[in-house]
Number of protein chains: 2
Amino acid sequence: MARKRFDDSNCSVARALNQVGDWWSLLIVLHAMYGTRRFVDFQQELGIAKNILCDRLARLVENGVLKKVDVGEHGSRFEYRLTEKGRDLFPVVIALRQWGDKWNPAPDEAPLDLRDRATGQPIQTVEVQNAEGKPITVRDVFVSGEPTLGSKKDPA
Amino acid sequence: MARKRFDDSNCSVARALNQVGDWWSLLIVLHAMYGTRRFVDFQQELGIAKNILCDRLARLVENGVLKKVDVGEHGSRFEYRLTEKGRDLFPVVIALRQWGDKWNPAPDEAPLDLRDRATGQPIQTVEVQNAEGKPITVRDVFVSGEPTLGSKKDPA
DNA sequence: TTAATCTGGTTTTAAGATGCAACCCTATTC
DNA sequence: GAATAGGGTTGCATCTTAAAACCAGATTAA
């Protein structure tokens, strides 16, 4: 049988994964954030098959994560650019990168040193904060109106 | 051919996606954060096929995201609990949830109201911050030693 | 104590997804 | 006018997935 879809799931995480939760989509978004815009560049940087890239780009455009811009001075040259919705995936990508850097570091390579252009300083680790700006974990969170997260007995 | 794997990619995002980047793994982690621990509970909550769940749980255990704990008073009852590595995916999951809530809201359902246990207040939106704690976007970030992110010409 | 049930898991089967290579069409370059 | 680059589509072999059947060890029910 086919892969399941979650368009209509009542879980927003499932719906999000439906749009960017496959192997390639998030990597395409990542490279788009790096400035990649052209079909061939995505193809070469990612080492992805052309038909798959075609399909993923089309799906990302369809979902409003990318927009296809005709930059053909004469009609057949395109760029794929992030929309605001796509750019809004920034915290997701950064959080994932930091998690990867922390838990699966490259054996002989330093992690990317991302810095803020205004200050020249490295960016902070992405964290979940409470209303006062204090970092919190899974165990500190509950769903309003439901039992505490992760605490059927005792978290994890 | 099979799906590509990125174990050895020099990109930590790719390596991260290799571990939790398929359709089910992050949902399993999410439900684990909700407190789910047992095979049958995962299966019922997610509506996932048993063989796939088996495979995903095994892979998550193998990758150190979950640990399999034998709680069988007599030997054949297990729980799958988040490790610290797994719990550390919290910002990723929350960022993804917030993105989904913002851009793909459920038509007739309010998004989950997650709150901090200490203050009772809703948690903040996950964002990327610079060293001073100010929120920044893709366009504000550059890779130390490389051209500015997203600015081969002008971002997105 | 024997039967029914729960749990966690493997096997089988088919429908889908993926990767690769080959081919196409429209510019542009030489 | 031929070669090349960009952006796709098509076919095919291979791998993954979903669903359901099947299994074996514990536990509970009768």
Side-chain angles (χ1 to χ4, degrees), chain A residues 1-9 14 17-28 31-32 35-63 66-81 152, chain B residues 1-9 14 17-28 31-32 36-63 66-81 152-153:
Chain A
M1 276 271 153
R3 167 168 292 164
K4 262 190 186 180
R5 301 283 165 177
F6 302 100
D7 305 283
D8 54 345
S9 170
L17 288 174
N18 210 39
Q19 303 199 345
V20 294
D22 65 292
W23 289 82
W24 289 115
S25 297
L26 213 55
L27 286 180
I28 291 174
H31 279 250
T36 304
R37 295 176 170 183
R38 298 262 297 287
F39 188 94
V40 281
D41 294 331
F42 281 115
Q43 212 217 315
Q44 288 175 1
E45 292 172 13
L46 292 169
I48 183 177
K50 288 167 77 177
N51 51 352
I52 304 295
L53 178 58
C54 238
D55 179 76
R56 292 302 179 278
L57 287 174
R59 191 179 302 174
L60 287 170
V61 168
E62 191 182 329
N63 287 330
L66 296 177
K67 60 191 166 196
K68 184 173 184 175
V69 179
D70 189 334
V71 295
E73 299 82 2
H74 309 78
S76 75
R77 200 144 300 197
F78 306 101
E79 283 188 1
Y80 295 87
R81 302 191 193 171
K152 285 179 180 172
Chain B
M1 276 270 154
R3 167 171 294 160
K4 266 189 183 178
R5 301 281 166 177
F6 303 101
D7 305 284
D8 54 345
S9 170
L17 287 174
N18 210 37
Q19 302 199 347
V20 294
D22 66 290
W23 290 81
W24 289 114
S25 297
L26 253 194
L27 287 180
I28 291 173
H31 279 251
T36 302
R37 294 174 170 185
R38 297 261 299 288
F39 188 93
V40 283
D41 293 332
F42 282 115
Q43 210 217 317
Q44 288 176 1
E45 292 172 14
L46 292 167
I48 182 176
K50 289 166 80 176
N51 51 349
I52 303 296
L53 178 57
C54 238
D55 179 78
R56 291 304 178 279
L57 286 173
R59 192 179 302 175
L60 287 170
V61 168
E62 190 181 328
N63 287 332
L66 296 177
K67 61 191 167 196
K68 184 173 183 174
V69 180
D70 188 333
V71 295
E73 299 82 2
H74 309 79
S76 76
R77 198 145 300 195
F78 306 102
E79 284 188 358
Y80 296 88
R81 303 190 194 174
K152 284 180 179 171
K153 286 182 180 174

Starting at [atom1] of [X] and ending at [atom2] of [N], how long is that distance when rounded to a whole Å?
{"X": "I52(A)", "N": "dT16(D)", "atom1": "CD1", "atom2": "P", "answer": "14 Å"}
{"X": "D70(A)", "N": "dG6(D)", "atom1": "CG", "atom2": "P", "answer": "16 Å"}
{"X": "R77(A)", "N": "dC25(C)", "atom1": "CZ", "atom2": "P", "answer": "18 Å"}
{"X": "D41(A)", "N": "dA5(D)", "atom1": "CG", "atom2": "P", "answer": "14 Å"}
{"X": "L46(A)", "N": "dG19(C)", "atom1": "CG", "atom2": "P", "answer": "11 Å"}
{"X": "N18(A)", "N": "dA17(C)", "atom1": "CG", "atom2": "P", "answer": "12 Å"}
{"X": "I48(A)", "N": "dA17(C)", "atom1": "CD1", "atom2": "P", "answer": "15 Å"}
{"X": "Q43(B)", "N": "dT17(D)", "atom1": "CD", "atom2": "P", "answer": "16 Å"}

- Task: State, with a plain yes or no, whether a side-chain heavy atom of R56(B) is found less than 4.5 Å away from one of D22(B).
- Result: yes
- [ ] Decide yes or no for V20(B) and I28(B): does some side-chain heavy atom of the first lie under 4.5 Å from some side-chain heavy atom of the second?
- [x] no
Which atom pairs link the protein and nucleotides 9-11 of chain C when you take only N or O atoms and keep those under 3.5 Å?
from: dG9(C); atom 1: OP1; to: K68(B); atom 2: NZ; distance (Å): 2.2
from: dG9(C); atom 1: OP1; to: Y80(B); atom 2: OH; distance (Å): 3.4
from: dG9(C); atom 1: OP2; to: Y80(B); atom 2: OH; distance (Å): 2.6
from: dG9(C); atom 1: N7; to: K50(B); atom 2: NZ; distance (Å): 3.4
from: dG9(C); atom 1: O6; to: K50(B); atom 2: NZ; distance (Å): 2.4

Should [X] be listed as having a side-chain N or O under 4.0 Å from OP1 or OP2 of [N]?
{"X": "R38(A)", "N": "dG7(D)", "value": "yes"}
{"X": "W24(B)", "N": "dA18(D)", "value": "yes"}
{"X": "R56(A)", "N": "dT18(C)", "value": "yes"}

First locate atom [atom1] of [X], then atom [atom2] of [Y], and finally report the distance between them rounded to the nearest 0.5 Å.
{"X": "K67(B)", "Y": "L60(B)", "atom1": "NZ", "atom2": "CG", "answer": "14.0 Å"}
{"X": "F42(B)", "Y": "R37(B)", "atom1": "CZ", "atom2": "CZ", "answer": "9.5 Å"}
{"X": "E62(A)", "Y": "D55(A)", "atom1": "CD", "atom2": "CG", "answer": "9.5 Å"}

Residues at least two apart in sequence or cross-chain that pass side chain to side chain donor-acceptor pair (under 3.5 Å) with N51(A), listed by chain then number, are none
Of D41(A), V61(A), T36(A), the residue whose pairing with Y80(A) passes side chain to side chain contact (heavy atoms under 4.5 Å, CB included):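 Going through the options one by one, the only one that passes is V61(A).
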